[in-house]
Each structure stands twice: as structure tokens, then as C-alpha cells.
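Presented below is the structure to which this report refers.
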Amino acid sequence: MLKASEIVVLFWKVGYIFPNPEDRRNLKNRRKMLYVVLAMFLFFPAIYTPTADAQDEEMLFVMAYGSDIGELNPLLWRSERSHWYDMLVYDTLLSYDDNLDLIPWLAEDYTVSSDGLTITFDIREGVTWHDGTPLTADDVAFTFEYIRDAPSDVNWWSIMQDLTSATAVGNTVTCVFSVLYSFALDNLGEIYILPEHIWSTGTGALDTRWNDHTDVEAHVGSGPFMYVARVPDEYTELDRFADWWGTDNPNVGQLPNIEKVRIDVVLGQDARILAMRSGAADTERYEVFGAYVNEILTAPELQLVTGVASQWDYVWGFNLTVAGLDDVDVRTAMSLAIDRAELINIGRLGFGTATTSAIPDVFYPGLAHADGVFPENVTLANEILDAAGYVDNDADGVRNFPGAPGTPELEFDILTLSWDDISVSTGTGIKLQMQDIGIKINNMVTDDGPMYDAIYTGEYEMYTMAHGYTPIPDFVWWRCHSDNIYEWGDNVFHLDNATVDTIMDDYVASTPATLAANARLAQLAVLQNLPYVPLYLSDDTHALRAEWVNWTAPAGGPFTAYNPRAMVFMYDDTFGETTPPPTGGTDFVLILGIGAGALLVGIVVTYFIVRKK
């Protein structure tokens, strides 16, 4: 069905193919006719506007990002923006239910040997890649070995160094490890499976094809949505994969209701809310905060996700190679001076949940331990600094390093994330709280690219931002073990301590019987060495168009990168609605029909008048 603009263009072009040479020369007359036709469509839209039933509609879901996807390579995601995209395009072997318990996904079943060293997956049959190629157990084995042989900055590389073999026989993959790993099943279960027929050739996990947005083949997955197109810094477009295997999975039982997903880059919180209120976007990647929460609550076209903590754990991280921060007394004093309730009010206007341990009970109630709780005591903080010789020797209100008057002051730059108002406000709160113990903090608001580069290459002093939890509580090993001190490694704090390494190794090599005890020791190690200070979880106050229903919300919220079920089950409950025709009274259809007929007669008459003149 032609739209009005298309019909106007068509009539304009017709003016140039009239067979009469005199009409061809009379451009003015053709334009007069165009104006009459255009008037017809302006005053009688019912003539050319198709009804909703006649239109080719698709259920579109638009996710607004504050900044673009960082990486398209599912082995190298560095932010949850990239991670959420990966979840839609690629499949994992296992997923999670609303209680964060493991459920089969691409794998129909799995077993773990009694010694924990052998894990077997039964891969779902009848699965295809987006290009139609069958997905087999060989693809799974290939993916595991591909990561094992990749450069060390690839996700999951560390655990794969203990993978002795990954062998595919039929639809079964058997993985054998050389050492016990407490969370091996969980980690293997969350790896995005890659197509061997595409990636068995090339330069490995860092192949430049991953970053080529024009190479659709390089972004073939098996997930519920398939890559279509992308304009960097503008949008990324995905279509529902019609042959997705979800209909055969009892934990899913259907294809996604959503037919098309578009990730739009919309800069600025105000602009994203305006986009949602106008219908140009349906939600945004991260939760809203502060005064924006009240704006969402009063907007009839929007809804607010409430009642669940988000996955975003805001921490205060230290570079332990920086003078002053290399002293555990300084770090201890700063940790004691933190008032989490006040920070939540400053950073989230109360919409947050304090995290007082390295393994918080909000996400991991079975492993959190009271011995790992971070105390708050400003008086004790000042006493520790006094005893360590950090005094204000020049009477300007800022403590100095130990020594004679004139030694450098205890002054540090804290990096905060420019597009994340929570990070910026939390940095301001920390700055104010450290004044109570004579330490000067400069809040350095920084764009994400430079900030991530600085943090992950060690060119920073301190920072505050959210890292993000997953259902796997092995992150303390990643954050604190010296094996992870490298560019883009998770130990950005440069904590290099043999005792801590042993504690972390024991924790991730626990049996079910020893896991809780070793988790307690891991929490104590963070508390005593203080590479970072856990602050709070931002509550998941996601803004969402009111018409979207049936989403799932485990801990972390509906739009975490470990909750693909939300994007399968949710739907727009106004989709397909049309304005019903009037019943009784005046027959507007008849009136429009008569008017259209009269106008068509007018066009014909006008045409002949124009020709005569």
C-alpha cells in the first residue's frame, strides 16, 4: 500500500511521462494538478491510509543505550551493554530461573563427576545457526578450546587453562579439568557458543572481523535474535530468529513475542526519558535514579520496575601501587569513614541496598558471613591515621604524609563515569565523607572510554562505579588474585599478596562441604587487605513503557545479561490494537466515500480546464 509521500512522488513523476508534448512543456499545469491531488490526501486521509490490519507491523522493542556497544566479540565484552547484546544473539549451555538456579538452555542435561573434574553436557538436537548451518556438539567443544588457546585477556581464559580436553561424541560434550574448580559448571554454562564453521579459520579470538559491523557472517549466533545491521554510535538492529529452538525447551516453550530489537544510542538521561515517553524507545539499558524516579512514577505512559536489587554493585576501588593507597592503614581509615546510608541517599536518593561484605547476602545468602562485614567508624578512622603519622602538619585541613611540615598531602583523584549519574553523585558523597578524616578527594568526571582504559591499564588512583554481579560468586577470585593483574584483567587494584592468592585458590577449589567456610575466609581477605570497598547495590528502578508486560525479574532485574527469558516472554499488550469503527449515528465512512468521489470529479474537471488554458 502506497503512503501519501510515495503517491505524491508518483504523481510528480507521472507529469514527466505524459505522452502529449504540450503537457510535457507545461510544467506549471502539472504542478497545479499535483496540488489538487495533494489536497485530496491531506483532507481525506482515510482514502490512502491503510488500517492497522492492512499494515505490515512488527512487534518492535527499542532499548536506549547511554553510549554505544563497546564490543561485538562475545568473548571480549567489557560492559553490560555489550553483554546484553551478546545474550540476544548467542546461546549459552545453561541459564537461570527467577531464583537464580541453573536451568538447561542449549544443553538439555548435564552431569558432574564425583571428583568434580569431569563435566558432561547433552547438547540439544535440531538447533541451527542463524545462517541455517546445524549447531552440534562439535561447535561447543570448539568454543571451549578456542577460548583456552586465545590471548589471556579473553573472558573465561583463566578457567580454561585448566581444561585438559573438550571432546564431542554424538550430541555429547565431555570436559575434563586438571584441577577442581568450585564453579566450573556455572562458568561453562554461561559461555557463548561460537560457530566452528565460521571461526575455525582466521586469526583467533582477536580476529578483526568481530569489529566489522558490515560483515553479517561474523555475527552469526544461534540465539533468539539475529544480527541484521548496525551503524556505530547510532543503532544496532536485530530480528527474531524464526528457527530458534526455544519452542522445544520446557523452560521456554516458545519463540520470542518480540519480532525486532533495536538498540539506539541516546545521549543524556533527559533525552532517553523523552524517547520513552514519546514511544521512540521502550526502555533504557540502566536504571533511572534520583529525581527521574519521581518523573517516571508520574508519567502515565511509563512504568517503574521496583522491589528488586539490581546487579550493579557500586564499589570504591584503589590502585595499590599509588603512594598513600599502598598503605593499608590509609585504606582502612577511608573504609571506616564511609557512611553507606548517606551515600545511598546522595547517589540514589534512597533507592539502594547497602553491601557490607565482599559477598553480599542480597545475591548470595548462603555464602555471606558476618565476619566479612565492613564496619563504619569515623572516630576510629581518625585514630588510625593519627597513629600512622598522617597528620595535618601545615594546618590547612588536609592531612600530610608522615614527616616534617611540607610533606605531600593525602590528596587523590577519584574517577567517576560521566554518563552514570550514580557514579558521579557517589564520588561526590565520598569526597564529602573523606573531609571528616582530613583526606582530599577530587571528583574527576570522565567519559567511559578513557575511564575504562585508565582503570584496566593501571593509570589511575581511585574510582567508583558499578562492576555488576552475575549469579556466580567467583568474582572475588577474579578481582583479588594476582593471576588477574594484566591489562584488562579484573584485578585492577594490583593486589599482589601470596596469602590472599592461597585463600582465593582454596575458595574456588572448594567441595560443596567446604565452600561456605572458604567463602568466609575470602570475605575476610578482602576486608583485611582492602583492594576495594563495597558500597551498595543500586535498586533496579528501570523505566519501561507501560504497555510491556510479562517480563521476568530475578535478582538483578529484567534486563540483566543472564536473563534471556525476559526478552522471550515479554510483549506489548497493545500490539495490533486498532481504533474500532463508530457504531450508530452518522455514517462517516459513507460521508468520506461521497466526499472522495466528489473530489475525484473535481480533479478530472480541473485537469480539463488546465488543458484548455
Side-chain angles (χ1 to χ4, degrees), residues 116 152 157-159 161-162 177-184 187 313 315-336 338 355-361 364 366-375 377 380-381 384-385 387-390 455-456 458 460-463 467 469 472-535:
S152 60
W157 179 87
S158 293
I159 180 179
Q161 299 316 294
D162 297 320
F177 287 88
S178 58
V179 298
L180 175 63
Y181 186 57
S182 311
F183 310 105
N187 274 271
D313 66 315
V315 305
W316 185 15
F318 308 126
N319 185 343
L320 272 55
T321 67
V322 172
L325 298 178
D326 59 354
D327 188 339
V328 71
D329 286 333
V330 174
R331 302 197 303 274
T332 299
M334 291 193 297
S335 172
L336 287 166
I338 286 294
T355 49
T356 58
S357 172
I359 302 179
D361 58 358
Y364 316 104
L367 297 181
H369 199 282
D371 289 350
V373 171
F374 281 64
N377 190 327
L380 180 57
I384 289 173
L385 290 173
Y390 293 94
I455 291 173
Y456 285 98
Y460 77 102
E461 294 182 347
M462 58 176 62
Y463 72 89
H467 280 265
Y469 287 133
I472 306 175
D474 62 351
F475 55 88
V476 290
W477 183 88
W478 292 97
R479 294 180 184 180
C480 299
H481 199 288
S482 64
D483 279 359
N484 300 314
I485 300 176
Y486 52 85
E487 284 196 4
W488 295 97
D490 284 355
N491 187 348
V492 299
F493 321 107
H494 296 267
L495 174 60
D496 191 355
N497 183 299
T499 300
V500 172
D501 284 351
T502 298
I503 292 171
M504 296 300 166
D505 284 337
D506 289 344
Y507 170 57
V508 297
S510 302
T511 65
T514 62
L515 182 59
N518 287 335
R520 169 185 170 274
L521 294 177
Q523 293 166 79
L524 279 171
V526 177
L527 174 62
Q528 293 166 356
N529 290 273
L530 289 158
Y532 66 94
V533 178
L535 300 175

(request) Might you work through the side chain to side chain contact (heavy atoms under 4.5 Å, CB included) test for Asp371 and Arg520, ending with a clear yes or no? (result) CA-CA 7 Å; Asp371 289 350; Arg520 169 185 170 274; 2.7 Å; yes
(message) If the test is side-chain contact (heavy atoms from CB on, under 4.5 Å), which one of Pro375, Ser357, Pro534, Ser335 qualifies with Leu527?
(response)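 With Leu527 as partner, Pro375, Ser357, Pro534, Ser335 yield a single side-chain contact (heavy atoms from CB on, under 4.5 Å), made by Pro375.
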(message) Under the rule for ring-ring contact (aromatic ring centres under 6.0 Å, His included), what residues qualify as partners of Tyr486, not counting sequence neighbours?
(response) none
Does any non-hydrogen side-chain atom of [Y] lie less than 4.5 Å from one of [X]?
X	Y	result
Glu487	Tyr456	no
Trp478	Asn491	no
Leu385	Asp329	no
Val500	Thr502	no
Leu535	Val533	yes
Val328	Asn529	no
Met334	Phe318	yes
Thr511	Leu515	no

(message) Do Asn518 and Ser510 pair up side chain to side chain, a donor and an acceptor below 3.5 Å, judged on atom types alone?
(response) yes
(message) Is a donor from one side chain sitting under 3.5 angstrom from an acceptor on the other, for Asp474 and Tyr181?
(response) yes
Working to the nearest 0.5 angstrom, can you tell me the gap between [X] [atom1] and [Y] [atom2]?
X	Y	atom1	atom2	value
Asp326	Thr321	CG	OG1	8.0 Å
Leu325	Leu320	CG	CG	7.0 Å
His481	Met504	NE2	CE	9.0 Å
Thr332	Leu380	OG1	CG	9.0 Å
Ser158	Asp483	OG	CG	6.5 Å
Leu336	Asn377	CG	CG	6.0 Å

(message) Ring centroids only, cut at 6.0 angstrom: are Tyr460 and Phe493 within range, meaning strictly under it?
(response) no
(request) Please confirm whether Arg479 makes a cation-pi placement over Tyr532, using NZ or CZ under 6.0 Å from the six-membered ring centre and within 45° of the ring normal. (result) yes
So, for [X] and [Y], which heavy atoms are closest and what is the spacing to 0.1 Å?
X	Y	result
Gly458	His494	CA-NE2, 3.7 Å
Leu367	Pro473	CD1-CG, 3.7 Å
Val476	Ala522	CG2-CB, 4.3 Å

(request) List for me each residue that meets salt bridge (Lys or Arg N to Asp or Glu O under 4.0 Å) alongside Arg331, sequence neighbours excluded, and say none if there are none. (result) none
(message) Under the criterion side chain to side chain donor-acceptor pair (under 3.5 Å), I'd like the reasoning laid out for Trp477 against Asp505: C-alpha separation, chi angles, the key distance, then a yes or no.
(response) CA-CA 7 Å; Trp477 183 88; Asp505 284 337; 3.1 Å; yes
(request) Show your working on ring-ring contact (aromatic ring centres under 6.0 Å, His included) between Phe475 and Phe183 and close with a plain yes or no. (result) CA-CA 11 Å; Phe475 55 88; Phe183 310 105; 9.5 Å; no
(request) Would you check, one step at a time, whether the test side chain to side chain contact (heavy atoms under 4.5 Å, CB included) holds for Met462 with Asn319? (result) CA-CA 6 Å; Met462 58 176 62; Asn319 185 343; over 6 Å; no
(request) Start with the C-alpha gap between Asp327 and Tyr390, add the side-chain angles, then the distance that decides, and say whether side chain to side chain contact (heavy atoms under 4.5 Å, CB included) holds. (result) CA-CA 11 Å; Asp327 188 339; Tyr390 293 94; 2.6 Å; yes
(message) Please enumerate all residues that pass side chain to side chain donor-acceptor pair (under 3.5 Å) together with Tyr507, with sequence neighbours excluded.
(response)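 Tyr507: no side chain to side chain donor-acceptor pair (under 3.5 Å) contacts found.
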(request) Evaluate the criterion side chain to side chain contact (heavy atoms under 4.5 Å, CB included) for residue pair Val526 and Cys480; output intermediate values, then yes/no. (result) CA-CA 8 Å; Val526 177; Cys480 299; 3.9 Å; yes
(request) Would you confirm whether Ser182, through its side chain, and Val508, through its main-chain N or O, come within 3.5 Å as a donor-acceptor pair? (result) yes
(request) Please assess Asp313 against Thr355 for the test side chain to side chain donor-acceptor pair (under 3.5 Å), listing each intermediate value before the final yes or no. (result) CA-CA 8 Å; Asp313 66 315; Thr355 49; over 6 Å; no
